[in-house]
Amino acid sequence: MLMLYIHIPFCIKKCNYCDFNSYNLDLTQKKRYLEDLKKEMQMYKTKEEISSVFIGGGTPSILTTRELEELFKNIKENFNMNKHAEITVECNPGTLTLDKLKTMKEIGVNRLSIGLQAVQENHLKYIGRIHTYEEFLKNYNDAISVGFRNINVDLMYNLPNQTTEDWIETLEAVGKLEPKHISAYSLILEEGTELYSMYEHSKFELNDEDTDIKMYRFTIDFLKTKGYHQYEISNYSKVGYECEHNKGYWRCDHYIGVGAGASGYLEDIRYNNVESLEEYHNMVTVSKKPIVNNEELSVKDSIEEKIFMGLRMNEGIKYEDFKKQFNIDFANVYSEQIKVLSSRKLIKESDTGIELTQIGREISNSVFIEFIN
């Protein structure tokens with residue numbers, strides 16, 4: 001089956017750490033963009049079944065109730081939705097209302113991903129969030145009240161000036177809410193972001209690697225006591241509530257990506273759309289897919305990508321999958337890497353495959369490089 005990603009690139013204000021393709025809200029631009037999205041979706045119209053939909057951004061919850069209704073009307077007109085499809089909308093407090101939540105529930109959204117990041121107001125303000133913790137709580141409780149059960153809360157640790165005690169306070173507060181899913185990411189300073197510039201000008205110091213790892217280990221141990229199992233490096237869920245859409249990415253499944261700056265993966269070709277709203281508009285207006293580049297993956301590329309993505313998940317790499325997809329004996333081809341990484345206790349091997357150990361997850365990029373080289 002096929003997945004669908006739709007990018008909504010508008011925000012009230014760009015967060016200081018964000019390097020995603022996003023723009024400050026312009027109502028005229030937003031109206032035109034939604035018309036452009038409709039045109040691009042028509043170019044990908046298919047009868048193939050869609051197993052999951054993810055509306056990301058930017059801030060998709062910036063859309064009005066009417067715009068949400070129109071967007072989902074266009075989705076259903078162009079794509080064959082599986083009746084059990086997971087349908088996620090990213091939401092940010094400060095743009096979410098009870099009416100929007102009711103509308104999303106009515107049009108078929110069955111999973112929300114709400115960005116919180118931290119519970120302390122000083123941290124929220126420093127990283128450029130537009131909301132308070134109290135606003136998040138109201139949105140979360142409103143979502144529960146209208147019938148949403150599958151809710152993810154996005155959190156971030158290793159923030160500027162954040163102590164281990166601050167992070168523990170955040171985890172404890174969110175743990176009491178018992179969302180079905182929690183994503184907890186360590187801050188990565190991306191070039192071109194406001195935080196990156198602040199760091200270059202010595203406005204703050206980052207925690208050292210030991211503190212980062214300490215926060216990560218605490219996250220895993222604490223959430224385990226609350227009934228969450230870690231199924232990917234940064235993702236934790238209650239039983240039965242893993243994010244199917246993201247698992248599709250990690251399995252290297254095919255997906256359609258629409259919107260300015262969106263990416264997709266179809267027929268073993270990865271593509272990226274133009275980021276500029278003006279270029280995006282000009283291309284779809286003349287019925288041209290707004291692709292700025294695409295790459296047909298070689299067998300070698302596909303194998304390396306499958307390793308990289310597969311090891312992100314706690315279940316790891318299954319030898320049978322590589323035999324079926326690539327007709328290779330993984331354990332034999334990569335016997336030397338497996339031997340070295342096992343001796344360093346970075347992976348563990350069974351008769352059916354390999355997976356990262358906890359130490360391996362902490363330095364996962366080093367493990368991935370071993371296989372790619």
Side-chain angles (χ1 to χ4, degrees), residues 4-42 44 53-75 78 87-104 107 109 111-117 124-125 127-132 135-136 139 143 152 154 156 183 190 192-195 245 256-264 272-285 289-292:
L4 174 65
Y5 173 79
I6 297 173
H7 192 68
I8 306 296
F10 300 105
C11 293
I12 299 295
K13 175 184 176 296
K14 195 178 183 81
C15 296
N16 293 342
Y17 56 84
C18 179
D19 72 331
F20 293 125
N21 189 42
S22 62
Y23 303 90
N24 288 340
L25 179 63
D26 178 298
L27 296 179
T28 302
Q29 239 179 9
K30 181 177 66 158
K31 181 179 179 181
R32 187 182 76 172
Y33 181 80
L34 292 172
E35 284 298 315
D36 292 339
L37 265 185
K38 179 179 178 180
K39 293 171 185 173
E40 190 187 6
M41 279 191 267
Q42 289 169 347
Y44 287 100
V53 179
F54 198 102
I55 317 292
T59 308
S61 53
I62 210 168
L63 301 181
T64 65
T65 55
R66 184 169 300 215
E67 288 167 342
L68 285 164
E69 289 170 342
E70 185 65 20
L71 175 63
F72 273 80
K73 175 174 171 284
N74 293 331
I75 291 171
N78 289 288
I87 304 174
T88 303
V89 175
E90 282 187 340
C91 304
N92 278 332
T95 63
L96 196 54
T97 64
L98 184 59
D99 281 345
K100 289 182 185 180
L101 287 164
K102 288 177 179 176
T103 296
M104 283 191 270
I107 59 182
V109 176
R111 184 176 185 273
L112 302 177
S113 182
I114 306 178
L116 170 60
Q117 315 313 346
L124 292 174
K125 187 174 181 180
I127 62 176
R129 303 294 286 178
I130 64 167
H131 61 85
T132 63
E135 286 175 304
F136 161 81
N139 288 160
N152 169 62
D154 262 344
M156 193 174 288
S183 297
E190 301 287 358
T193 63
E194 183 63 25
L195 270 189
H245 190 88
I256 298 168
V258 296
S263 63
N272 296 93
N273 280 354
V274 293
E275 294 190 351
S276 159
L277 296 181
E278 200 61 38
E279 287 182 58
Y280 178 76
H281 171 72
N282 291 339
M283 292 177 78
V284 298
T285 298
K289 288 181 179 177
I291 295 172
V292 66

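We use all heavy atoms of the structure for the numbers below, so side chains are in, but hydrogens, waters and symmetry mates are not. As the structure is a computational prediction, the values presented were derived from the model and not from experiment.
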Checklist entry - Backbone N or O of N74 within a donor-acceptor pair of the K38 side chain at under 3.5 Å? => result no
Checklist entry - Less than 4.5 Å apart, any side-chain heavy atom of V274 and any of M283? => result yes
Item to check | Straight-line distance of M41 CE to I75 CD1, nearest 0.5 Å | outcome: 5.5 Å
Item to check | Under 3.5 Å donor-acceptor, K289 side chain and Y44 backbone | outcome: no
Checklist entry - Are the side chain of E90 and the backbone of G57 linked by a donor-acceptor contact shorter than 3.5 Å? => result yes
Checklist entry - Quick one: does Q117's side chain get under 4.5 Å of C15's, heavy atoms only? => result no
Checklist entry - Restricting to pairs with a member in residues 6-28, which pass salt bridge (Lys or Arg N to Asp or Glu O under 4.0 Å), not counting sequence neighbours? => result none
Checklist entry - If we only count heavy atoms from C-beta on, is the Y280 to V292 side-chain gap below 4.5 Å? => result no
Next on the checklist: Quick check for you: to the nearest 0.5 Å, what is the distance between I55 atom CD1 and L112 atom CG?
Outcome noted: 12.0 Å
Item to check | Y23 atom OH: more than 12 heavy-atom contacts under 6.0 Å | outcome: yes
Checklist entry - Under 3.5 Å, is there a donor-acceptor pair linking the side chains of T88 and S113? => result no
Next on the checklist: Test your reading of the model: is there a side-chain donor-acceptor pair from R129 to the backbone of G115, 3.5 Å cut-off?
Outcome noted: yes
Next on the checklist: Could you tell me if the side chain of F72 sits less than 4.5 Å from the side chain of T103, heavy atoms only?
Outcome noted: no
Item to check | Flag side-chain contact, heavy atom, 4.5 Å: N139 against C91 | outcome: no
Next on the checklist: Tell me the closest heavy-atom pair linking L71 and I8, and the distance in Å.
Outcome noted: CD2-CD1, 4.5 Å
Item to check | Exercise: identify the closest heavy-atom pair between A143 and L101 | outcome: N-CD1, 3.6 Å
Checklist entry - When the ring planes of Y33 and F10 are compared, do they come out parallel, tilted or perpendicular, using 30° and 60° as the limits? => result perpendicular
Checklist entry - With distance as the sole test, does E40 use its side chain to make a donor-acceptor pair with the main-chain N or O of L37 at under 3.5 Å? => result no
Next on the checklist: Rounded at 0.5 Å granularity, tell me how far CE in M156 sits from CG in L124.
Outcome noted: 11.0 Å
Item to check | Heavy-atom pair of closest approach, residues P60 and V89 | outcome: CB-CG1, 3.9 Å
Checklist entry - Would you find a donor on one side and an acceptor on the other, under 3.5 Å apart, between the side chain of T59 and the backbone of I62? => result no
Item to check | Interatomic spacing from OH in Y17 to CD1 in I127 - rounded to 0.5 Å | outcome: 5.0 Å
Item to check | Any donor-acceptor N/O pair, N21 side chain to A260 backbone, under 3.5 Å | outcome: yes
Item to check | Pairwise distance CG(N24) to SG(C11) - rounded to 0.5 angstrom | outcome: 7.5 Å
Next on the checklist: Are P93 and L116 packed together at the side-chain level, in the sense that at least one heavy-atom pair is separated by less than 4.5 angstrom?
Outcome noted: no
Next on the checklist: To the closest 0.5 Å, what do you measure between NE2 (H131) and CD1 (I12)?
Outcome noted: 12.5 Å
Checklist entry - Pairs in or reaching into residues 27-37: which pass salt bridge (Lys or Arg N to Asp or Glu O under 4.0 Å), with residues at least two apart or in two chains? => result K30-E67, R32-E278
Next on the checklist: Would you say that N92 contacts I130 through its side chain, given a criterion of any heavy-atom pair below 4.5 Å between the two side chains?
Outcome noted: no
